[in-house]
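Throughout, protein chains are lettered first and strands after them, A, B, ... in sequence-line order, and every chain is numbered starting at 1.
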Amino acid sequence: MPDPRLRIEDLRVTFPARAGRAPVEALKGVSVEAYPGEVLGIVGESGSGKSTLARSVLHLQAIDGGRIWLDDTEWSTLVPAALRRQRHAVQMVFQDPHASLNPRLTIRETLAEALRCRPQRPRGKAARQEIEGWLDRVGLPKDAAQRYPHEFSGGQRQRIAIARALIPQPQVVVADEPVSALDVSIQAQILNLLESLRQELDLTFVFITHDLELVGYWADRVAVMRRGEVVEQGDAEAVLQRPQHAYTQELLASAADKRVRY
Amino acid sequence: MPLLDVQGLTTRFAMRGETVHAVEDVSFVLEEGEVLGVVGESGSGKSVMASSLLRLLPMPPAQIAAGQALLQTESGPLDLLQLSEREIRRVRGREIGMIFQDPMTSLNPYLRLSTQLTEGLRRHYGLSKRAAIEQAIEALERVGISDAAKRIHSHPHEFSGGMRQRVMIAMMLLLQPRLLIADEPTTALDVTVQRQILDQLGALCRDARTAVLLITHDLGVVAQRCHRVMVMYAGQVMEIGPSQVICEAPRHPYTQALLRARPSASLRGQPLYALPGNPPDLREPPVGDPLLLRPGVTGGDRWRTERPPLEQVGAGHWVRASEAVLPAWEEVRDA
């Protein structure tokens, strides 16, 4: 087995006590690994800590213990200057592209900003070509560049968000419920797009979702989270077909309840 | 006689000088104790259809342009679409219950549950405050809220989303409406909670013979929980029939496309069937088969200028006579 691209060791995050409430241990020592080019599925219900895990990897959430490694770099302890230079390596796609795109920027401006994250960034004409190339790659018309986020449908906005995440040339993409807000036919379009980009660019995905059917379809390996802990992890097919932990079994039973044979 | 008989429901919106044809000539019946699933993607008209029946649309801009919706009540059939504002308000809550995706649209954040759960009982059934509270506590217990006698005095914000939806179901248990219109009631919930809520909805229609119109985008919910299903696209009914038949052997090409687009473990490593393009702009409603406007769809020329009729293809199974041919799998993978 190759070395993991992303290695999370014993990650701990505690949210401090708020008025009248005890501190919340959002992550109680989580260890997971994502290997180069694979899709690591993180499944769990609300409050399981899966989004906190994502935010920690993105440096959007301070951690209280444990380490995160990106290849040989200790990612979680990078000082701000070093992080600025390397931030491009880990990018994120959110559930709600409406909230994650700046409504005041044209698509060109949003993508140009993403281009500036690259270590060697193209300028002028090369930059323009790069942006247009990406619009085409994610299936948007050329004239999309001049337009604003509100002029696009949910599926198109998610295409823009994907372009923005991939333009910096990341190694790891953290996708937090990237298709959950979309209609089923649009969901299929976006999943096909993500998969073709993964193959083409050899990307590693951390794919966070509550949907076991999605994990069964797309993830190579899966970690099942509950209340800040990973209760089970392994090869996605094995975990979904022969779940060992009672909670995984319960999740699968609830999902099986909605299966369609067609 | 069916509990609800909807014929030719047509709802439009007048927006900035344009007309959006949101619901076009929708007809169906619903029997006592039956669960009819309504599936469709955003903009298919499923929610506008439900809100038209409940008369919850702001008019203007909405306008119910045609149709009839006869609900059987103790005092005889009522046409929901013709009732006065005052009359429909009486019908809502007593004859027709409502559950929405976000329970906070129905719950008042300022009132304790004790007040909200007993209001209808007292108004519609004339119970005393004490008797109503007792019943409400029992209903909360039945939907799995522990310590109900204490928690009935809480405000809605003290509950999680799943718990609030349980509270809504408790309210339905108390009011026992003949008809329940549930618009994406479990969409925002975790899968284990979804299952519990759907179990409780099922029990409600079994025990109280409540008929449920269950609006959802989730074909899985339909397959397992609904007796019949109605598939909507572009404001029109594409297919209606027994849910098991439709989920296993869909006849309409749009239903087929919807089912094929679903990701599942058995499709691992294969691209999903992603019908290209988007649903039509309902400001210019399609004159013929709306599916022909999707890129890649071929054939069906017979229905280019005329709307295909609904044809019966099996017991209780009706399909719009589309002759559209979906693009091949290889053509849509990179769409």
If you count every heavy atom of other residues, nucleotides or ligands that lies below 6.0 Å from [X] atom [atom1], does the total exceed 12?
X: B:Glu284; atom1: CD; result: no
X: A:Arg198; atom1: CZ; result: yes
X: A:Arg226; atom1: CZ; result: yes

Which atom of [X] lies closest to which atom of [Y], heavy atoms considered:
X: B:Leu267; Y: A:Tyr217; answer: O-CE1, 3.2 Å
X: A:Ala188; Y: B:Ala261; answer: CB-O, 3.7 Å
X: B:Asn278; Y: A:Ser153; answer: OD1-OG, 4.4 Å

key: Atom pair OG (B:Ser264) and CG (A:Leu212), whose distance is rounded to the nearest 0.5 Å   = 12.5 Å
request  = Could you look at B:Gln270 and say if it's the side chain, the backbone, both or neither that has a heavy atom under 4.5 Å from chain A?
outcome  = backbone
inquiry  = For A:Val184 and B:His217: C-alpha separation, side-chain torsions, deciding distance, then whether side chain to side chain contact (heavy atoms under 4.5 Å, CB included) applies.
reply    = CA-CA 8 Å; A:Val184 57; B:His217 69 283; over 6 Å; no
I'd like to know if the side chain of [X] and the backbone of [Y] have a donor-acceptor N/O pair within less than 3.5 Å.
X: B:Arg268; Y: A:Gly216; value: yes
X: A:Asp183; Y: B:Glu41; value: no
X: B:Arg195; Y: A:Leu251; value: no
X: A:Gln189; Y: B:Leu275; value: yes

Look at [options] and state which one has the largest set of heavy-atom pairs under 4.5 Å with chain B.
options: A:Glu237, A:Glu195, A:Gln241; answer: A:Glu237
options: A:Gly139, A:Ala219, A:Ser46; answer: A:Ser46
options: A:Ser185, A:Ala236, A:Gly47; answer: A:Ser185

note = Which of A:Leu214, A:Asn192, A:Val215 passes side-chain contact (heavy atoms from CB on, under 4.5 Å) with B:Pro263? It is A:Leu214
request  = Go through the structure and list residues passing side-chain contact (heavy atoms from CB on, under 4.5 Å) with A:Ala223, not counting sequence neighbours.
outcome  = A:Val32, A:Ile42, A:Val230, A:Gln233
ask   = For A:Leu191, is it the side chain, the backbone, both, or neither that has a heavy atom closer than 4.5 Å to a heavy atom of chain B?
value = side chain
